[in-house]
Amino acid sequence: MVSMNLAMRGMFSLACLILTLGVVERAVAFDITRNDNLAVYWGQDSSGNQQRLSSYCQDSTIDVFPIAFLYIFRGTGGEPVIDFANTCNEWDQGTFPGTDLANCTSMTQDIKTCQAAGKLVTLSLGGATGQVGFSSDSQAQTFADQIWNQFLGGSSDIRPFGDAVLDGLDLDIESGTPAHYAAFVNRIRSNAGLTGLNATSFALNATAAHANATHGHANATNSHTNGENAKNTTTVIDVTNKNKYYYITAAPQCPYPDAYIGAALNEAPFDAVYVQFYNNYCGLDQPSEYNFATWDTWAKTQSANPDVKVYIGAPGSSDSAGEGYVSVSTLASYVSSAQQKFSSFGGVMLWDASTAHDNGRFDLGIKNAMTASALKITPEQLPRNASASTSGSSHTVAQKTGSSAKATDKPRVNSRSFRL
């Protein structure tokens, strides 16, 4: 007898399959119910050799790219400030007039390329040196509207990524006051028309809408064939644009509850949490203190989203974090255990793309190990349409444009892996 859990997973996978076959313009639809997804931060050039975003989308290894960071909420002119190190920043690429907000339209095509390959591209807010926080729910809601219009599904004269529409937001809040983030998240969901929905229920609703639209199209075709003059009145819902799903994630530290985003995790629905199991006493290098079970309990008993997924956050190399780095084989052991024990487990998060790639394709190694163990432990999970390449040579590295030199008088956002 198939359990309700497996039945729901199957329904969601079917929904994703239908979306993939023509409703959503993606090579392979992202399926958040899986337990072998890989999210990898990009943007802070931790290796000193960061390539452009699209170069990391050349194979199926990485599923989600949180790009980091939007690190100042209210800068000059009342606009936020973003910094993507050697790829785009306020000093080298220029800013919108009267602001310190970098014009990163040079990244527009990279974002679209990754999205066309089936990747999610989200914007990460905060970081270790972030100047963030809200004084009231009203201020948080106003900022949510601003972010919605500049980076997501709204419209504004100021669009740092041009007409590219990101797939959601990530909150890596490591400073400031913890208050009012729930109001921010709920306003984003309201703007997206997602109030009361999570990724699972949204996909099922979209599937039903697609089925209704297809039925209406069939009726119209039959009517035309039979020479009838009456017009079919079935409403066709365009889910490629208006009904796009926007994911919201967070990156709490492993000590529970997180000091900065912990309250919001209970008060507003997040789709996933990328728990940082490094630079902390409960890191991967401290197996006796490792506390994924605590986060699984939170997911099942306190999360505002009962379907939230919990990821194991890990450094992509020994240079990516002060402490907590473990080998691919050790991380794979943690993953296999989580896949067996915890239904909330969603995959692995790595900091960051540049260090993981330069560390012998650490990202590819853990993705292959994670996918292999998932096939054994959860065979009911539909196989991926394309497996990660087994050869690092398939990852084409695009040449960097512009200068990557860092002038000493130009401050940069420190890597999030080093907490203040």
Side-chain angles (χ1 to χ4, degrees), residues 32 64 66-75 77-82 99 101 120-127 130-161 164-203 205-206 239 241-252 257-258 260-274 302-309:
I32 199 170
V64 185
I67 58 176
F69 287 110
L70 184 156
Y71 73 106
I72 296 177
F73 282 6
R74 291 170 294 279
E79 300 297 341
V81 180
I82 55 180
T99 80
L101 179 57
L120 297 185
V121 182
T122 64
L123 177 64
S124 185
L125 281 57
Q131 298 175 36
V132 300
F134 306 111
S135 60
S136 66
D137 279 1
S138 177
Q139 187 183 54
Q141 292 164 347
T142 298
F143 185 65
D145 292 341
Q146 188 176 10
I147 296 302
W148 171 258
N149 289 328
Q150 293 179 345
F151 298 97
L152 301 176
S155 61
S156 172
D157 291 336
I158 298 177
R159 295 277 299 186
F161 300 129
V165 178
L166 297 182
D167 296 299
L169 301 173
D170 172 68
L171 299 181
D172 179 20
I173 308 303
E174 304 191 23
S175 60
T177 172
H180 311 298
Y181 282 98
F184 171 82
V185 170
N186 287 328
R187 184 58 162 253
I188 292 290
R189 289 197 175 279
S190 175
N191 286 341
L194 299 175
T195 301
L197 294 175
N198 59 29
T200 302
S201 56
F202 175 85
N205 286 356
V239 299
N241 184 15
K242 182 179 179 181
N243 288 350
K244 174 184 174 73
Y245 189 82
Y246 295 88
Y247 292 83
I248 300 181
T249 62
D258 183 84
Y260 296 104
I261 200 65
L265 294 178
N266 295 337
E267 297 168 0
F270 287 76
D271 295 292
V273 291
Y274 307 140
Q302 292 187 277
S303 169
N305 173 15
D307 297 318
V308 67
K309 286 296 181 180

Worked verdict on F270 versus L171 for side-chain contact (heavy atoms from CB on, under 4.5 Å): CA-CA 10 Å; F270 287 76; L171 299 181; 3.9 Å; yes
From CG (D172) to OH (Y274), nearest 0.5 Å: 11.5 Å
Approximate separation, where rounding is to 0.5 Å, of L152 CG and L169 CG: 5.0 Å
Where at least one partner belongs to residues 181-202, residue pairs that pass salt bridge (charged side-chain N to carboxylate O under 4.0 Å, His left out), sequence neighbours excluded: D145-R187, R189-D271
Partner of L125 by side chain to side chain contact (heavy atoms under 4.5 Å, CB included), out of F69, Y181, F143, Y71: F143
Contact summary for P160 and L101, nearest pair of heavy atoms: CG-CD2, 3.8 Å
Within residues 149-160 or reaching into it, pairs that qualify as side-chain hydrogen bond (donor to acceptor under 3.5 Å, both in side chains) - sequence neighbours excluded: E79-Q150
Atom pair CD1/CG of I261 and N266 - distance to nearest 0.5 Å: 10.5 Å
Value rounded to 0.5 Å, distance of CG in D137 from CZ in F184: 13.0 Å
Non-hydrogen side-chain atoms of L265 and Q302 separated by less than 4.5 Å: no
Any I173 side-chain heavy atom under 4.5 Å of P178 side chain: no
Derivation of the side-chain contact (heavy atoms from CB on, under 4.5 Å) call for T122 and L166: CA-CA 6 Å; T122 64; L166 297 182; 5.9 Å; no
Point-to-point distance, once rounded to the nearest 0.5 Å, from CD1 of I188 to CG of L194: 10.5 Å
Set of residues satisfying side chain to side chain donor-acceptor pair (under 3.5 Å) with respect to N198, sequence neighbours excluded: S201, N305, D307
Heavy-atom side-chain proximity of L120 to Y245 below 4.5 angstrom: no
Expected output: side-chain R74 to main-chain G133 donor-acceptor under 3.5 Å: yes
Closest approach of S124 to D170 (non-hydrogen atoms, all atoms of both residues): OG-OD2, 2.7 Å
Test item: T142 side-chain N/O and S138 main-chain N/O as donor-acceptor pair under 3.5 Å: yes
Residue pair I82, F151: steps toward the side-chain contact (heavy atoms from CB on, under 4.5 Å) verdict: CA-CA 12 Å; I82 55 180; F151 298 97; 4.2 Å; yes
Heavy-atom pair with the smallest gap, counting every atom of P80 and I147: CG-CD1, 4.4 Å
Side-chain heavy-atom pair T195, N186 within 4.5 angstrom cut-off: no
Closest non-hydrogen atom pair between S303 and V308, with its separation: OG-CG1, 3.4 Å
Nearest-0.5 Å distance that lies between atom OG1 in T249 and atom CD1 in I32: 8.5 Å
